[in-house]
2 protein chains.
Amino acid sequence: MDFTIWQKNTLKFIILGLLKHNELTGYDIKKLFNCEIGDFWQAKHSQIYPELKKLEEEKLISSHIEISGKKLEKTFYNITATGLTTLNNWLTEPQDKIPPTRDDFTLKLYFIDDKNNPRIEELFAEERLQHEEKLNYLTTRMTELFSSTEKQKAHYGHYLILKKAIIREKAQLNWLNDELNNINK
Amino acid sequence: MDFTIWQKNTLKFIILGLLKHNELTGYDIKKLFNCEIGDFWQAKHSQIYPELKKLEEEKLISSHIEISGKKLEKTFYNITATGLTTLNNWLTEPQDKIPPTRDDFTLKLYFIDDKNNPRIEELFAEERLQHEEKLNYLTTRMTELFSSTEKQKAHYGHYLILKKAIIREKAQLNWLNDELNNINK
DNA sequence: TATAAACATGTAATTTATTACATGTAATAA
DNA sequence: TTATTACATGTAATAAATTACATGTTTATA
């Protein structure tokens with residue numbers, strides 16, 4: 001009997017979730033981390049490809065090869081019945097404590113004690129730029145994908161996380177602007 | 001010549017930052033992750049103690065032992081001049097792209113496509129509880145530590161990150177409540 | 001005065017994630 | 001038509017982080 005609680009391996013479940021509806025190649029999965037889910041998780045191809053092989057060994061996914069063009073072999077993956085069960089179990093598991101944000105911008109701030117240190121303003125300005133760019137991208141995506149309530153309902157989860165990301169970025173930007181105003185006073 | 005860019009090792013700089021003003025033991029540092037900085041980074045003692053030894057080898061910190069009680073040896077660490085320079089360099093480095101939130105609550109949501117799946121409401125309720133508890137803790141800390149503007153100025157960075165965490169939790173809770181209302185419509 | 005909780009420090013094994021190394025095809029634009 | 005970009009897939013080395021194993025002291029409390 002093994003009561004060992006291993007580390008999460010969230011990537012495993014993300015892959016299963018992504019394969020729920022469509023068959024995908026490793027490259028497809030890699031690209032999806034550039035879109036909305038990239039705001040909530042990221043993985044490099046060097047982690048994705050081995051994970052796919054592991055999942056196939058565990059019989060949670062299956063694969064077949066298709067030739068694209070003259071000789072390029074693309075490996076498509078499909079979720080199995082067992083895989084679907086594993087995914088649903090994960091979805092039903094109670095949530096753990098909220099993990100830390102791992103935000104080193106905030107940490108840097110924490111270690112600058114002098115309110116008049118000019119680096120504070122610089123940091124805020126840099127950070128604001130990043131969040132402005134992100135918010136811009138996210139709002140564009142939102143109008144692209146979910147202009148109508150029908151479209152929202154058809155991909156409800158997707159709609160939700162996009163909305164959440166936008167709210168997060170806006171709150172962050174508000175805070176950044178407020179603090180920048182305080183500094184200049 | 002080595003142009004290799006290694007992974008960050010943020011813990012290293014957090015330790016240096018924490019030692020900037022006070023000498024601390026490994027245990028002290030461990031405990032600090034239970035407070036505000038725990039919202040932005042966390043580390044187990046099994047990572048902290050080896051890191052402290054590494055930093056001492058690199059001459060970024062120094063240590064001395066004090067006896068507590070009859071025979072308990074406590075190792076206190078101090079930052080060196082080199083350590084201080086290293087810390088300041090980190091603080092001055094331009095910020096990277098904002099990293100993903102690694103939020104598996106949101107990911108789970110993403111993979112529940114059916115708007116009527118009862119698991120959605122459950123997930124939201126679980127998550128709301130967590131964030132309510134956290135917000136509670138944070139606001140208590142805020143009044144404990146920063147009731148006056150003098151106190152805010154004296155530890156400006158600390159004040160800032162506490163404020164940021166509170167704003168984040170509030171925004172999150174607002175979103176959770178909004179969505180819970182939408183579900184019940 | 002026993003005992004539980006908090007203090008205090010460490011290592012080993014393992015998992016997770018990143019960077020670097022490595023190779024080749026297909027489509028597009030100049 | 002050539003060059004560049006995107007497509008496509010992998011492994012090796014390394015770093016970062018977690019879990020588990022391990023031991024002992026001091027303080028508070030029942």
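Within every chain, numbering begins at 1; the chains are lettered A, B, ... in the order of the sequence lines, protein sequences first and strands thereafter. Side chains are part of it too, since the values below use all heavy atoms of this structure and drop only hydrogens, waters and symmetry mates.
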TODO: Check each residue of residues 83-108 of chain B for a non-hydrogen atom within less than 4.0 Å of any atom in DNA chain C, then write out the ones that pass by number, or none.
DONE: B/R102
TODO: In whole angstrom, give the distance that lies between atom CD of A/E51 and atom C1' of C/dT16.
DONE: 10 Å
Open item on the list: With the threshold set at under 4.0 Å for non-hydrogen atoms, list the residues of residues 21-34 of chain B touching DNA chain D in residue-number order.
Closed with: none
Task: Strand-adjacent residues in residues 38-50 of chain B, judged by heavy atoms under 4.0 Å from DNA chain D - done: B/W41, B/K44, B/S46, B/Q47
Open item on the list: How long is the straight-line distance from OG1 of A/T80 back to CD of A/E56, given to the nearest 0.5 Å?
Closed with: 10.0 Å
Task: Residue pairs passing the side-chain hydrogen bond (donor to acceptor under 3.5 Å, both in side chains) test where at least one lies in residues 92-105 of chain A, sequence neighbours excluded - done: A/K8-A/D96, A/Q95-B/K108, A/T101-B/R168, A/D103-A/T106, A/D103-B/K164
Task: Atom-pair distance (CG on A/N9; C1' on C/dT14), nearest Å - done: 13 Å
Open item on the list: Considering only residues two or more places apart or on different chains, which pairs with a residue in residues 104-149 of chain A satisfy ring pair (Phe, Tyr, Trp, His ring centres under 6.0 Å)?
Closed with: A/F105-A/F124, A/Y110-B/H158, A/F124-A/W175, A/F146-A/H158, A/F146-A/Y159
Open item on the list: Which residues pass the side-chain hydrogen bond (donor to acceptor under 3.5 Å, both in side chains) test with A/Q42, not counting sequence neighbours?
Closed with: none
Task: Proximity to DNA chain C (any heavy atom under 4.0 Å), residues of residues 58-73 of chain B only - done: B/L72, B/E73
Task: Short side-chain N/O contact to D/dG10 OP1/OP2 from A/K53, under 4.0 Å - done: yes
Open item on the list: Please enumerate all residues that pass side-chain hydrogen bond (donor to acceptor under 3.5 Å, both in side chains) together with A/K163, with sequence neighbours excluded.
Closed with: B/E179
Check: protein-nucleotides 2-5 of chain D nitrogen or oxygen pairs below 3.5 Å:
none

Task: Estimated bend of the helix from C/dT1-D/dA30 to C/dA30-D/dT1 (axis per five terminal pairs, rounded to 10 degrees) - done: 40°
Task: A/Y27 side chain near A/I48 side chain, heavy-atom distance below 4.5 Å - done: no
- [ ] Using side-chain hydrogen bond (donor to acceptor under 3.5 Å, both in side chains) as the criterion, list what pairs up with B/N78, not counting sequence neighbours.
- [x] B/E23
TODO: Please state how far atom NZ in B/K54 lies from atom P in D/dA17, giving the value in whole angstrom units.
DONE: 10 Å
- [ ] Please examine the side chains of B/W41 and A/P100, heavy atoms only from C-beta on, and report whether any two atoms are closer than 4.5 Å.
- [x] no
Open item on the list: Suppose we screen for side-chain hydrogen bond (donor to acceptor under 3.5 Å, both in side chains). Which residues come up paired with A/H21, at least two apart in sequence or across chains?
Closed with: B/D113
